[in-house]
Amino acid sequence: QVQVAESGGGVVQAGGSLRLSCAVSGSTFSWLVLAWFRQAPGKEREFVAAITGVGLNTDYADAVKGRFTISRDNAKNTVWLQMNTLKPEDTAVYYCTGRPNSRASMAVADYAYWGQGTQVTVSS
């Protein structure tokens, strides 16, 4: 059984930075495409960033390009989301997720494994 556990959320002022971490166990980590999604109150869960296991190709939502960076270490079974120049509209619960596929996807339904989420609050 695949387990996903996020950490690193918190409260930060606008313009600040946070680094989210996600540990994945129970699967061959390097085979997984890993991604971050977020969900703000009253809104649907939305794609933030993804990284493939082979080739380490990355994709980002337009809203975070140039500010967020996704990375992974297959030896540590960990994926990170470095968030810089945070804005109040980045406030949401951030979820780590994975899919056993070679290609990334921006669709929630394409991902099989989800963590419980970590709250990120950006104050103005």
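Excluded from the calculations below are hydrogen atoms, water molecules and symmetry mates; all remaining heavy atoms, backbone and side chain alike, are included. Position 1 is the first residue of the sequence, and the numbers go up from there.
In this structure, CG on Leu86 lies 5.0 Å from CZ on Phe68, to the nearest 0.5 angstrom. In this structure, the separation between CG on Asp73 and OG on Ser21 is 11.5 Å, given to the nearest 0.5 Å. Atom SG of Cys96 and atom OH of Tyr111 lie 10.5 Å apart (nearest 0.5 Å). Atom CG in Asn57 sits 12.0 Å away from atom CD1 in Ile70 (nearest 0.5 Å). Annotation: the span from Ile51 atom CD1 to Asp59 atom CG amounts to 10.0 Å, rounded to 0.5 Å. Between the CG atom of Leu34 and the OG1 atom of Thr58 there is a distance of 13.0 Å, given to the nearest 0.5 Å.
A search for side chain to side chain donor-acceptor pair (under 3.5 Å) contacts involving Arg67 returns Asp90, not counting sequence neighbours. With sequence neighbours excluded, the residues that form a side-chain contact (heavy atoms from CB on, under 4.5 Å) with Val120 are Leu18, Leu20, Met83, Tyr94, Val122.
Scanning both residues, Tyr60 and Thr69, for their nearest heavy atoms gives OH-CA, 3.3 Å.
Within a 6.0 Å sphere centred on CH2 of Trp114, heavy atoms belonging to other residues, nucleotides or ligands number more than 12.
No side-chain heavy atom of Trp31 sits less than 4.5 Å from a side-chain heavy atom of Pro100. The shortest distance between side-chain heavy atoms of Leu56 and Arg72 falls below 4.5 Å.
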For this session: Take Thr97 and Val4, measure what side-chain contact (heavy atoms from CB on, under 4.5 Å) needs, and give me the verdict at the end.
Result: CA-CA 7 Å; Thr97 183; Val4 178; over 6 Å; no
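The side chain to side chain contact (heavy atoms under 4.5 Å, CB included) test with Tyr95 is passed by exactly one of Gln116, Arg38, Arg45: Arg45.
Checking side-chain atoms of Thr52 against main-chain N and O of Val54 turns up a donor-acceptor pair under 3.5 Å.
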